[in-house]
Amino acid sequence: MEIVNDNSCSWINDLKPRTNIKALFNDEECDWLIIGAGYTGLSAARKLGQLHPTSKIILIDAQIAGEGASGRNSGYLVDTTLNDGFTSNKELSNYKKKTDIYKLGIDAVKKFIKEYQVDCDWNESGKYFASSCAVDKKILLNFANTLTKLDFEYSLFNRDDLKKKLGTSFYNLALYTKGGVLLHPGKLVRAMIDALPNNIDLYENSQLLEWKKNSNNIYCKFKNNKICTKKIIFCTNGFLKSLGLKTNYNFPLTLTASMTRPLTDLEFKSIGQPNEWGVLPIKPMGATIRMTSDKRILIRNTAEVHNPFEMTENELKKRSINQKVGIKKRFPSLPNNIIQSSWSGVVSRTRNSSQIFEKIDENIFIAGCYNGSGIGVGTLFGEQMAIKASNGHTKEIDSIELQNKPTWLPPQPFLGIGVKFRLFYERLRAKSEI
Ligand SMILES: Cc1cc2nc3c(=O)[nH]c(=O)nc-3n(C[C@H](O)[C@H](O)[C@H](O)COP(=O)(O)OP(=O)(O)OC[C@H]3O[C@@H](n4cnc5c(N)ncnc54)[C@H](O)[C@@H]3O)c2cc1C
């Protein structure tokens, strides 16, 4: 099946359209082939280009580079996560290992934007884990306890504080963490495309259909052409499973989001003119909601098992209505029809929220499955996978490889039934927070 994207993501539409787009039009041979040009693939390509200035390196994507999940996420570069999956992070040492990786991810993005002087609306504003339900206090206090033990700075806020800070009386309680950054995901990924070294050949709108290894080469089949490569790095995240990769360890989930037009001065005044902020839900299926620096409201309140290759316009419309309700609940004084665009994106999940960073065969490598932390961790994993695949070694690779490995998932139809049931249950639990 062909990957078909909607063209309605505000973050992507904020950018100037690119003009230098090339599809694969010949058969090629190369030393390195990277499949997928999101944060992971672009970071891998940038690093490989630096490490191997004379090698032939191809980066290829089924869509326009950066226009998958990387250009259409909510823009939270996270230092901590509360609902990181459907298993809880009870064990402190595991949680610490996870936050160590988040920190390395933030450092990798920071280094990139400093080196290339990137403007991606970077704001070290921290983030809120908020809920309208007073009973969620217990979860927040447990989380606060974990953060104290690991020396993270945080504050607890009540309804009145939150009304002032967020401009909505919807939330009753929140835990604010000082760490974590809000950014414009489209600007960040575009900067990574612009920063590709000259020795990278980027091909777009060219989907890998099949691949196989034969002695020392890997043969890749596209619609009209073929590529034969010595080494390959798969950076296709939500589409790993459809390429037959780690099929019993990851599965795709489709998320949808909507963004309003900028609020007028009057509308903004009516909600108290808050500074830019980002709220994450306390329950996994609650809404992620952001006020951007240019007074737009972003909401993401769905995560579902759906055909990852396409969401039709009608299906998207239905989800957009859900998001309109989510905004109205929080900002009843704002007009009804302020959503400017809605879009979907695909991510990859593992059962225990662990990431994949692996050599699966001689000269075949995979990086992916970031479970909502892909901005930082994808950037980190891309760079570090390029080093690992070049037989290099870093302390970052040591930290990544210290993480728990993804656990086994049952085959279909059991997986589908299990995931759907779990999502349904989580949606019920988070009903008030959608
Ligand atoms: C709505 C939404 C909100 C999110 N919010 C956040 C957030 O706030 N913070 C955060 O850190 N993360 C968030 N995420 C997750 C984050 O976007 C991903 O983890 C991240 O983009 C992963 O980057 P990637 O490069 O590995 O994968 P992607 O960006 O998905 O890139 C993979 C690329 O591979 C290409 N590809 C797939 N199959 C093939 C094929 N057969 N042939 C060629 N190319 C192929 C795709 O076209 C795609 O461009 C969110 C995701 C979504 C959808």
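For ligands, and for the atoms within them, numbers begin at 1 and follow the listed sequence.
Residue pairs satisfying the salt bridge (charged side-chain N to carboxylate O under 4.0 Å, His left out) criterion with at least one member in residues 188-204, sequence neighbours excluded, are listed as follows: R18-E204, K56-D201.
Aromatic ring centres of F129 and F143: separated by under 6.0 Å. Aromatic rings from Y370 and F381 are positioned such that their centres are separated by under 6.0 Å.
Atom CG of N216 is surrounded by 12 or fewer heavy atoms from other residues, nucleotides or ligands within 6.0 Å.
Ring geometry for F112 against Y116 counts as tilted: the plane angle lies between 30° and 60°, on a 0 to 90° scale.
Between the side chains of Q384 and T394, at least one donor N or O lies within less than 3.5 Å of an accepting N or O.
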Need the list: ligand 1 N/O atoms against protein N/O atoms, distance under 3.5 Å, rounded to one decimal.
{"residue": "ligand 1", "atom": "5 (N)", "partner": "S74", "partner atom": "N", "Å": "3.0"}
{"residue": "ligand 1", "atom": "8 (O)", "partner": "G75", "partner atom": "N", "Å": "3.3"}
{"residue": "ligand 1", "atom": "8 (O)", "partner": "Y76", "partner atom": "N", "Å": "3.0"}
{"residue": "ligand 1", "atom": "9 (N)", "partner": "Y76", "partner atom": "O", "Å": "2.8"}
{"residue": "ligand 1", "atom": "11 (O)", "partner": "Y76", "partner atom": "O", "Å": "3.4"}
{"residue": "ligand 1", "atom": "11 (O)", "partner": "G372", "partner atom": "O", "Å": "3.4"}
{"residue": "ligand 1", "atom": "11 (O)", "partner": "G374", "partner atom": "N", "Å": "2.9"}
{"residue": "ligand 1", "atom": "11 (O)", "partner": "I375", "partner atom": "N", "Å": "3.0"}
{"residue": "ligand 1", "atom": "17 (O)", "partner": "A69", "partner atom": "O", "Å": "3.2"}
{"residue": "ligand 1", "atom": "17 (O)", "partner": "N73", "partner atom": "ND2", "Å": "3.3"}
{"residue": "ligand 1", "atom": "21 (O)", "partner": "S70", "partner atom": "N", "Å": "3.2"}
{"residue": "ligand 1", "atom": "21 (O)", "partner": "S70", "partner atom": "OG", "Å": "3.0"}
{"residue": "ligand 1", "atom": "23 (O)", "partner": "S70", "partner atom": "OG", "Å": "3.3"}
{"residue": "ligand 1", "atom": "25 (O)", "partner": "Y39", "partner atom": "N", "Å": "3.0"}
{"residue": "ligand 1", "atom": "25 (O)", "partner": "T40", "partner atom": "N", "Å": "3.0"}
{"residue": "ligand 1", "atom": "25 (O)", "partner": "T40", "partner atom": "OG1", "Å": "3.3"}
{"residue": "ligand 1", "atom": "26 (O)", "partner": "T40", "partner atom": "OG1", "Å": "2.6"}
{"residue": "ligand 1", "atom": "29 (O)", "partner": "S70", "partner atom": "N", "Å": "2.9"}
{"residue": "ligand 1", "atom": "29 (O)", "partner": "S70", "partner atom": "OG", "Å": "2.6"}
{"residue": "ligand 1", "atom": "41 (N)", "partner": "L208", "partner atom": "O", "Å": "3.0"}
{"residue": "ligand 1", "atom": "42 (N)", "partner": "L208", "partner atom": "N", "Å": "2.8"}
{"residue": "ligand 1", "atom": "44 (N)", "partner": "A62", "partner atom": "N", "Å": "3.0"}
{"residue": "ligand 1", "atom": "47 (O)", "partner": "D61", "partner atom": "OD1", "Å": "2.6"}
{"residue": "ligand 1", "atom": "47 (O)", "partner": "Q63", "partner atom": "NE2", "Å": "2.7"}
{"residue": "ligand 1", "atom": "49 (O)", "partner": "D61", "partner atom": "OD1", "Å": "3.2"}
{"residue": "ligand 1", "atom": "49 (O)", "partner": "D61", "partner atom": "OD2", "Å": "2.6"}

